[in-house]
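Throughout, a chain's letter reflects where its sequence line sits, starting with A, and its residues are numbered from 1.
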Amino acid sequence: MGSSHHLLVFLMFLHYAVGFTYNCVKILPDSSSSIVVEVGKNFTATCHLLEGCAYTSDDIEWRLGNLSIAKQSYHRINETAVSVTINISSDMSDWLKCTAPKESLSYKPRSIYGIFLRAGYPPLKPKNLSCIAVQEDKDISPNLSCSWDPGSRNPLIDTTYTVYANVPGTVLTHKADCKQHLARFCVVNLETFPIHMVLKVWVEVKNALGSERSELQSDSSYFAKPNPPLNVQVLTEDKFPTSLVVTWKHPIDRTILKLSYAIRYRKVTSNVWIEVPESFTRGYIESFRLQSLEPYTQYVVQMRCIGESNSSYWSNWSPSVTERTTEAKPASAPDLWRIIRPTSNSRNVTLIWKAPVKANGKIRFYNLSINQNNEKFESHNITADNLSQMYSMELPAGKMASIEITAYNSAGESPKATLSIPRSDKELPGVKDMSWSVRDEKLQVKWTAVLPLPHPLKLSEYLLEWVKIPQSVHQKELPAGWQRVPKNVTVTTLNAGLEKFKRYNISVYPIYKYQPGHVWHFQPGRPVTRPAYVQQGPPKEGPTVTVTKSKKNSAELTWEETPLDSHQGFIIHYTIFYAIGNTKQWKSETVGPNVHSYVLTDLASETDYVVYVMASTEAGSVKGTDCTFKTMKYGDGEVEVIVVVVCLSFLFLTVFIIMICLRKREVIKKLLWPQVPDPSDSSIAHWSPDFPIKADLPKEDVSVVEVDVFDGKSLCEEDKGVLPLKKDKYLSEEHSSGIGGSSCMSSPRHSVSDSDEGDSGQTTSSTVQYSTVLGSGYKGQTPSHQPPAFARSESTQPLLDCEEHPDHLNESQSRSSYFRRGRELEPGVLAPECDGGSLTFCPVQEEEPSPVAEEPPASALCYMPQKSGYRPQ
Amino acid sequence: MNCHVMNMVCLSQRSQAKFRIILPILILIAVELVHPTMSCKNEKCSQLLHRSLKLTRLMSKRSADLLETYKASQGDSADLICDMQMDNVPVSTISGQTMSERILSVYTHLKEFLPHMKTVMEQQKDLNPPINPVVEGLHSMITHVHHIAQRVNCILQILQPNIPIPEPAERSTGIPPAQNIFQQKAYGCIVLSRLQELLSQAVQEQKSLKGKMCKQRTKNGSL
């Protein structure tokens, strides 16, 4: 079973290898594998008809893949052979087939034969072959790394790269197969690096279309790459501030590779390397002195090495070593300047200075010497550890000062810097004009040159000063800087790191020099100052607006200028936005940057408004806080007019009423004091009591009621409501006339009667009786001169209002209205007060019980029939 | 029959003629393979001598280091084993009267040492882990001694260009027969010691050539 299976597989393979054996066509050249053809070249294949084949050469057709090849490419060799020639292109890797097609309705089988073409390019010669063996420990590594440029053309077919290396003269050759496609790098192991021998290395590239080879042959040291120098150190020497000594160790034994070295150095602050000429370091040395360096400057040093006479690759650079040269005396003077602030009667001078540009070391202290009016005034040693180097002093306006300063480091003193401050009235002229602009985020200042001054003053240079404003109280550093420019320059860029959005005052000073002795003196001229921003921004905050006056149709707004620090630019204008309530229908008014109040007009009265002010710089705007206000309902004076009118109207009304009152006095009187019917005029029948009428009873003493006034005061003067009940009782007990009836003058609460008393029999509850009728009239009314008499009225004349009501009558049974005209009682005392009061009970003076009460005089007490009702009294 | 004989003679003569043509070619190829003389022409005399001297000096130093490493790896009895005497180890003494003879002696000795070094390396592989400093050093040393021999051969060709350089017979001094471990250690130490002596002398011999060999060649008008 197994053997038959193998046989079948073998036959299938044979069938495939030989081609279409059942066909009667065959292609030459033929191959059991693909046939590699070179791109761009012509390829010719011939199709042969085998013996016994029924086809002729005319039946042969060539196809590449599924495409027929044009007949023009065919070449008929004889009756049984036809060749075809095709130009190979890179995309022609496909089957080339020769077919003899089966005719329709033919019994002849279809014949076909094919060969597989694989298009490709021959390999390119590798270029730029280079091999390198790095140092490992104290020897050169046997691993040789080779690289080359294989070219950019893809060969399309399998291509191998192999690196070979051997020492000429020896039979042993090392090789390495590079597996990558289009390899450009390979490592060949030499087992032992052939020191001091010639080494030959070549790379061979092969494919089915050819092979190429690149070769290198050189002394083996040329393939070696040593390590950087070992233990590189940089040493300083005290007495040599301009040199550094570099020491190192050889990285490899000279018997293997004798090296020469390269040294390069740079300042820490620079990126530019300075390389020591190779001729200086050519020998097999282990130290070198770098010279002509700057004192007290940090240098970075690196080293590398190479085989003697450039017989190897350069090593990498060693790690950087940094060292500072030692100090030397300062080579330049400090940069001295001053800031003068005038005070009331003097000048506050702040001396400021910078360390010498060529300090050549760390400045330890400064010696500051001040002369006033050419006399030594003071001298100070100021340590240099302060961040801000300054000294303040007072200089009277009428004095001049000369300042000298010298810097010291550990190696010595610097040249002297001098500066003169003239008297206030002797300032030298300044530049004529100055302007600034911003370029590349820096301030560029331009000014007009000063005119030449008479001898001995000479223009030395210009000085540009910048002062940050506003100056913070807590600022530690002086917010000022300065920069000197040569005298022939009138345009310069400030190299200061000016902050964005901060205001600076830029000043230009001409600096003059003169030489009174052998030392030059420097004196600044008058400055020209301009505020400037290196970059403006929108204000940090908007102004806060307040409404100072609000009227009916206008409102006055006021806002404070925001702090200068929050401006962040020059304010170009303020814009006032206002709107009614929440309508958001904003109106705006724009005012200049110096305006801080504004009157809004044409406002609606008694309306809520929202207002804010927006500050604008050229870089943007920012709004302030909202403020709401309400316009007034009335305008100016309107209220006053109304008040006056109302007052006047009231006055007129009052006067009018008074006038009416005066005119209608009688009417009012009647209204207030209605006329009481005079019982004397009543038609009531005369009623005679049991006792005879006393003719001698004085008329004026006839009284029904005697009302005592306890303390001589009117009840109306006191609280009438709190009239003691006792008194009422007393009045009822002692003075009850026993006559029933009532009067409108009586009041229920004041008509308390004691029904328990015996005199109740004198009153009648069933009949209305009129009491004693006052002989002298009622309340000042002119009484009739009829003799007083008690009379029981039988009149049907309606009584006073209160008398008409039975309930009142019930009460009236227990009440008694006492009418009495006391002799002591002045009518005018009691009556008016009562008149002014309500028609209620009126107190009367308490008197001793009069016999009249018990025994009313007959003459005065009588009832007269009253037929005709009330009559005028 | 004669004709057959004649034919046979003729065939024999033809074969001999062909052999006479092919043999020199084969010899030439063999010589080219065995004697790397052609490579010597690529270098200047002074350069050749300089590099040869540097290589020999380096190997002299390294052989000393290798001997120390070897002794350190053999245990406490290292000094003892190195004092032993063995007859079948090549001597390091340079012989000859003339410059050429002494250089030839150097060359011959270097060639003689190579098989011994290989033997020691194989023994050390068995005695110690296959990869150890002694084996690695020996492997490297063998390669470098080959290279020194090649350099010295070139020097010889310059010194005596017309005289063939005799190659020492393979295993002429004989590899010692089976040895026990102690003997192997002693053998290795003696080989390395003598090699170090040989290389030191080779340095001296080449130093002595400085200023003589290449000047002579310059006077003769070549190189």
- Task: Please list, chain by chain and in numerical order, all residues satisfying disulfide bond (SG atoms under 2.5 Å apart) with B:C189, sequence neighbours excluded.
- Result: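 Partners of B:C189 by the disulfide bond (SG atoms under 2.5 Å apart) criterion, ordered by chain and then number, come out as B:C82.
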- Query: Where on B:T143 is there a heavy atom nearer than 4.5 Å to chain A: the side chain, the backbone, both, or neither?
  - Reply: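 The side chain, not the backbone.
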- What part of B:H144 lies closer than 4.5 angstrom to a heavy atom of chain A: side chain, backbone, both or neither?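 Looking at B:H144, just its side chain touches chain A.
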- Message: Are more than 12 heavy atoms, taken from residues, nucleotides or ligands other than A:R118, located less than 6.0 Å from that residue's CZ atom?
- Response: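 Check fails, neighbour count at 12 or below.
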- Output all residues satisfying salt bridge (Lys or Arg N to Asp or Glu O under 4.0 Å) with A:E237, sequence neighbours left out; order by chain, then residue number.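 Partners of A:E237 under the salt bridge (Lys or Arg N to Asp or Glu O under 4.0 Å) test: A:R289.
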- Item | A:V198 portion near chain B, given a 4.5 angstrom heavy-atom threshold |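 Both backbone and side chain.
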- Item | Exam field: side chain B:S105 to backbone B:S95, donor-acceptor pair closer than 3.5 Å |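 A pair under 3.5 Å: yes.
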